[in-house]
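Contents: one structure, followed by commentary.
Each chain gets a letter, A, B and so on, in the order its sequence line appears, and its residues count up from 1.
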There are 2 protein chains.
Amino acid sequence: MALEHAILVSLLEKPGSGYELARRFERSIGYFWTATHQQIYRVLKRMEGDGWVTVREVPQQGRPDKKEYSVPALGRAALSQWLHEPIEPESVRHDLAVKIRGAAFDDPAALIREVERHYQVHTDRLAHYLAGERRDFTGPEAPALPDDVGRELQHVVLRGGIAYERMTLAWLDDVLATLHRLRAER
Amino acid sequence: MALEHAILVSLLEKPGSGYELARRFERSIGYFWTATHQQIYRVLKRMEGDGWVTVREVPQQGRPDKKEYSVPALGRAALSQWLHEPIEPESVRHDLAVKIRGAAFDDPAALIREVERHYQVHTDRLAHYLAGERRDFTGPEAPALPDDVGRELQHVVLRGGIAYERMTLAWLDDVLATLHRLRAER
DNA sequence: CTTGTCTATGCAACGAGTTGCATAGAAAGA
DNA sequence: TCTTTCTATGCAACTCGTTGCATAGACAAG
């Protein structure tokens, strides 16, 4: 399971509360991992029990107090160990592909709208990633810090997200062209 | 949940047993969906109870008897209904990306072997998909059938798998170059 | 003044998915 | 002959992940 390790990485990059983690999982970490706040709170509890994270109560004004988590040596060691274990390459699960093959037993043209909707979502995601890249890495406003390892690695992961969205958009174009052709031939 | 619908699509393309479905999920359907035989047997039981599939006992020689499943009108209707419902675009979960960002807190160069291993797996998958494409769609040996809708749709899904593997290989190249550069700079 | 949104945490129930194990006959290779 | 592999199905136990609900104060918009 990698959720624990994704949390360790995120907390090492910057300590924070379960709530903050949940929001990070909607943004930058969401490029390659998703999790709901329920999952995060539950896993944080377990990790606390295992000594992988430590908690500090932080009182706040104008909003509820929060529990700020950070990573002690034991957590770092757990991450380190996992990094040295081989993992299985991902297997994809793509509902839309199931629908496309299923459309052979229904009306393929009825899928066009759905595919267009997905196209829009991926267009938005790509724009969001590119904005993040300009802001943090390539733009004139990007902090001109000395190249550090963490920054380089974050950038290469972001480039992966960008490549994924571009590939997906090109494929959805192919899908749309195919669906239009099938409709015309009928 | 799309496993039920993936099974309906597969059984509509060709009726078969739970065992045969499990093997299809390792091959062609595995481009976009994975499932173990346990999951498939359990879901088939439930689908049988719901009247989405019907069973026929098929005695065999030299091997155990099997239960061949096929899809009656009720199952077709269930698939049809699902096809007309909108679905959420996928969210990715990529363990390797977690590792790459995590490597900032360990030794990035130690990841090189792991990334190379993934590169090999994706190279093999791409070769496998391309062989399937030549065999079934583009090669001289491909059955010269009249273009039918199901075939076209299967092909466009396969092209998606091919595009995914090519994109992944290009990204892994980028990752390797980054890791080598970081090692050289150190 | 009420409704909605944001921060912040959490429980309970359910469904999805994995892992280990079991059975059992046939065929193939060491 | 023994071990392994393939076909074929299934149970039990477990972990992972989602959905619905609950609390509660602060703030903004209508």
In whole Å, I'd like the distance from the [atom1] atom of [X] to the [atom2] atom of [N].
X: E90(A); N: dG17(C); atom1: CD; atom2: P; answer: 15 Å
X: L44(B); N: dG10(D); atom1: CG; atom2: P; answer: 9 Å
X: E68(A); N: dT7(C); atom1: CD; atom2: C1'; answer: 15 Å
X: K66(B); N: dG10(D); atom1: NZ; atom2: P; answer: 14 Å
X: Y41(B); N: dA8(D); atom1: OH; atom2: P; answer: 8 Å
X: D65(B); N: dA26(C); atom1: CG; atom2: P; answer: 11 Å
X: E26(A); N: dT7(C); atom1: CD; atom2: P; answer: 10 Å
X: Y19(B); N: dA24(C); atom1: OH; atom2: P; answer: 18 Å

Is the shortest side-chain N/O distance from Q60(A) to OP1 or OP2 of dA8(C) below 4.0 Å?
yes

For dT9(C), does OP1 or OP2 lie under 4.0 Å from any side-chain N or O of S17(A)?
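Checking S17(A) against dT9(C): at least one side-chain N or O falls below 4.0 Å of OP1 or OP2.
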
Verdict with reasoning, H155(A) to R151(A), per side chain to side chain donor-acceptor pair (under 3.5 Å):
CA-CA 6 Å; H155(A) 192 188; R151(A) 223 171 106 77; over 6 Å; no

Quick one: do the E85(B) and Q81(B) side chains pair a donor with an acceptor below 3.5 Å?
yes

Which class fits the ring pair H5(B) and W52(B): parallel under 30°, tilted 30 to 60°, perpendicular over 60°?
tilted

Let's see if you can work this out: which of dA8(D), dG10(D), dA8(C) has an atom nearest to the side-chain heavy atoms of K45(B)?
dG10(D)

From C-beta outward on R46(A), which listed nucleotide comes closest to its side chain: dG17(C), dC16(D), dA8(D)?
dC16(D)

Nearest nucleotide by nearest heavy atom, which residue falls closer to the 5' end of DNA chain D, Y69(B) or R23(B)?
R23(B)

Which pairs pass side chain to side chain donor-acceptor pair (under 3.5 Å) with one or both residues in residues 101-113 of chain B, sequence neighbours excluded?
E13(A)-R101(B), S80(A)-D106(B), H84(A)-D106(B)

Step by step, would you call H180(A) with R183(A) a side chain to side chain donor-acceptor pair (under 3.5 Å)?
CA-CA 5 Å; H180(A) 282 296; R183(A) 183 168 64 177; 3.3 Å; yes

For R181(A), is there an ion pair with E152(B) - N to carboxylate O distance below 4.0 angstrom?
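Yes, this pair counts.
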
N/O to N/O distances under 3.5 Å, protein versus nucleotides 18-22 of chain D:
{"from": "dT18(D)", "atom 1": "OP2", "to": "Q39(A)", "atom 2": "OE1", "distance (Å)": "2.8"}
{"from": "dT18(D)", "atom 1": "O4", "to": "R42(A)", "atom 2": "NH2", "distance (Å)": "2.6"}
{"from": "dG20(D)", "atom 1": "O6", "to": "Q38(A)", "atom 2": "NE2", "distance (Å)": "3.1"}

Does the ring center of W171(A) lie less than 6.0 Å from the ring center of H122(A)?
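No, the ring centres sit 6.0 Å or more apart.
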
With DNA chain C as reference, determine whether L3(B) or G18(A) sits nearer its 5' end, using the nearest nucleotide of each.
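Going by which nucleotide is closer to the 5' end, it is G18(A).
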
